[in-house]
Amino acid sequence: MVLIDGKKIAQEIKEEVAKEVAQRKARGLKTPHLSAILVGNDGASETYVGAKVKSCHEVGFESSLLRFDSNISEEELLNEIEKLNNDPSVDGFIVQLPLPKHINEQKVIEAVNPAKDVDGFHPVNAGKMLLNLPSFLPATPYGIIQLLERYNIETSGKHCVVIGRSNIVGMPMSVLLARNSYPGNCTVTITHSRTKNLKELTLQADMIVAALGKAEFLTADMVKQGAVVIDVGITRLPSDKTKSGFKLFGDVKFDEVAPKCSYITPVPGGVGPMTIMSLIKNTLQACRNKD
Ligand code: NAD
């Protein structure tokens, strides 16, 4: 069993990007600039945005954080997005989700210029991904693709069962694994909350991507010997065994599933660290696209 070390690969990518940014600066090319919009002060969103800004600094990007009160109107927010769309110094930007209930998230996603949509959420980028055209890929599936690639995991002709069909993880993951490329060329089964025979399907899988958000859902009796298991889930539950009083759980019951696997990602330290690096790579690409 090989433990896929997302922390190590994310660090490698960080160093590669930092090197390219330094070279760009030395050649007088533009320094990539990522902006983030944060509405309100939700604790988890603050943490995620903070980590993104920190990573920008570490690779030598410029970054800017635009904070707005939770009572900002939809119209005002759309105006701020338009300003970033028109600001030539900004290569890419994200609007941290979730947004307050009075703001239509889909409208916000569609207001972002696809050329600056480094989260890869705009329908233009989703459509290009579907057609295997160059596009910004959503961060988590892109991170998983990079892990498969860097560990040289064979995917061609393999049966992959993806558990979950969300717009940000399950659905794009299924599309990417089915594409005619490497990693890809899988036979993909997309499963979701209405799937009736999940265990029957996962037992046939050469690879399982678990992205349903239910702690330790995937148990050893659901996994074929030698399968590749990618655990996307992050559930924070109270625990008396940690200092913080909380523990993170993946969607996979790691201790019993790991011995059956050829490769497996841990939680934490697997898929999680890769997500921000995907955003960083997309921003670098957005900047390169303007060279
Ligand atoms: P979501 O709630 O939007 O989607 C969950 C999906 O799972 C749905 O499509 C649903 O149909 C499916 N599902 C629910 N119960 C099921 C069941 N019993 N059997 C089969 N399918 C079932 O969640 P999401 O945004 O896709 O996130 C999924 C998990 O991944 C969460 O734990 C989230 O915290 C985590 N996540 C991690 C990262 C990361 O960087 N590691 C990034 C994004 C999300």
Side-chain angles (χ1 to χ4, degrees), residues 3-11 13-14 42-45 47-52 54-55 94-99 105-106 109 118-121 126 136-148 160-177 188-205 207-219 221-223 229-237 246-254 257 264-282:
L3 192 66
I4 298 180
D5 189 345
K7 229 169 139 182
K8 184 179 117 216
I9 302 293
Q11 183 59 32
I13 294 174
K14 191 183 279 183
D42 172 72
S45 294
T47 309
Y48 294 144
V49 168
K52 289 169 188 174
K54 182 167 166 261
S55 292
I94 58 157
V95 182
Q96 186 66 44
L97 302 178
L99 291 169
E105 272 186 11
Q106 194 55 33
I109 288 170
V118 286
D119 256 340
F121 291 164
F136 297 120
L137 301 179
T140 304
Y142 185 21
I144 294 169
I145 288 293
Q146 290 177 84
L147 286 178
L148 296 172
C160 181
V161 172
V162 178
I163 312 177
R165 59 174 163 191
S166 71
N167 286 349
I168 62 164
V169 189
M171 192 52 78
M173 192 71 247
S174 307
V175 169
L176 291 172
L177 289 170
V188 178
T189 301
I190 307 173
T191 67
H192 45 77
S193 53
R194 306 287 176 95
T195 299
K196 289 209 162 76
N197 55 341
L198 187 65
K199 183 174 168 183
E200 202 179 297
L201 295 166
T202 56
L203 277 173
Q204 293 170 37
M207 190 191 312
I208 300 171
V209 179
L212 70 160
K214 293 207 162 99
E216 299 191 326
F217 176 88
L218 192 81
T219 45
D221 60 321
M222 298 171 81
V223 179
V229 172
I230 307 291
D231 189 353
V232 184
I234 304 177
T235 306
R236 196 165 164 260
L237 294 176
F246 287 97
K247 192 168 182 271
L248 293 185
F249 289 88
D251 285 346
V252 177
K253 196 157 190 183
F254 185 88
V257 172
I264 186 166
T265 61
V267 174
V271 174
M274 294 297 292
T275 300
I276 292 185
M277 280 308 113
S278 301
L279 179 68
I280 293 288
K281 278 184 80 111
N282 278 345

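Whatever order the structure lists them in is the order used to number ligands and atoms, beginning at 1.
- Under a 4.0 Å criterion applied to the non-hydrogen atoms of Gly272, ligand 1 contributes the atoms 40 (O), 41 (N).
- Judged purely by atom type and a 3.5 angstrom limit, Glu105 has no side-chain atom pairing as donor or acceptor with the backbone of Pro98.
- Atoms of ligand 1 found under 4.0 Å from any heavy atom of Ile168 (numbered from 1 in listed order, with element): 25 (O).
- In this structure, OG1 in Thr47 is found 9.5 Å from CD in Gln96, a value given to the nearest 0.5 Å.
- At distances below 3.5 Å, not a single donor-acceptor pair connects side-chain atoms of Asp251 with backbone N or O atoms of Val232.
- Nearest non-hydrogen protein atom to atom 6 (C) of ligand 1 is Gly164 CA, 3.6 Å.
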With a cut-off of 3.5 Å and sequence neighbours excluded, list every side-chain donor-acceptor pair involving residues 272-280.
unit_1 : atom_1 : unit_2 : atom_2 : d
Ser278 : OG     : Ala139 : O      : 2.9
Ser278 : OG     : Gly143 : N      : 3.2
Ser278 : OG     : Gln146 : NE2    : 3.4
Ser278 : OG     : Met274 : O      : 3.2

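- Contact atoms of ligand 1 toward Ala211: 5 (C), 6 (C), 7 (O), 28 (C) (distance under 4.0 Å to a heavy atom of the residue).
- In this structure a side-chain-to-backbone donor-acceptor pair under 3.5 Å is missing from Asn197 to Glu200.
- Ile145 has its side chain within reach of Met173: a pair of non-hydrogen atoms, C-beta onward, lies under 4.5 Å apart.
- Side-chain atoms of Thr202 come within 3.5 Å of backbone N or O of Met222 as a donor-acceptor pair.
- Taking 4.5 Å as the limit, every side-chain heavy atom of Tyr48 sits out of range of all side-chain heavy atoms of Asp42.
- Interface of Phe217 with ligand 1, defined as ligand atoms under 4.0 Å from a residue heavy atom, comprises 18 (N).
- Listed by atom number, the atoms of ligand 1 under 4.0 Å from Ile163 heavy atoms are 20 (C), 21 (N).
- Counting the atoms of ligand 1 from 1 in the order shown, those under 4.0 Å from a heavy atom of Gly213 are 28 (C), 29 (C), 31 (C), 32 (O).
- Protein heavy atom at the shortest distance from atom 19 (N) of ligand 1 is His192 O, 3.8 Å.
- The single protein non-hydrogen atom nearest to atom 40 (O) of ligand 1 is Thr275 OG1, 2.8 Å, given as residue, atom name and distance.
- Scanning the protein for heavy atoms near atom 8 (C) of ligand 1, the closest one is Arg165 N, 4.0 Å.
- In terms of polar-atom proximity, defined here as any N/O pair under 3.5 Å, Thr191 makes no such contact with ligand 1.
- The protein non-hydrogen atom at the shortest distance from atom 1 (P) of ligand 1 is Ser166 CB, 4.1 Å.
- Atom 36 (N) of ligand 1 has its closest protein heavy atom at Val232 O, 3.7 Å.
- Within the 4.0 Å heavy-atom cutoff, Gly170 does not count among the residues contacting ligand 1.
- Residue contact check: Val169 has heavy atoms under 4.0 Å from atoms 26 (O), 43 (C), 44 (C) of ligand 1.
- With hydrogens left out, the protein atom closest to atom 17 (C) of ligand 1 is Leu212 CD1, 3.6 Å, a heavy atom.
- For Lys7, the salt bridge (Lys or Arg N to Asp or Glu O under 4.0 Å) test picks out no residue, with sequence neighbours left out.
- Atom 15 (N) of ligand 1 has Lys214 NZ, 2.9 Å as its closest protein atom, hydrogens excluded (heavy atom only).
- Proximity of atom 13 (N) of ligand 1 to the protein is indicated by at least one non-hydrogen atom lying closer than 4.0 angstrom.
- Atom CG of Asp221 is surrounded by more than 12 heavy atoms from other residues, nucleotides or ligands within 6.0 Å.
- Counting only distance, with no hydrogens or angles, the side chain of Thr265 and the backbone of Ile4 share no donor-acceptor pair below 3.5 Å.
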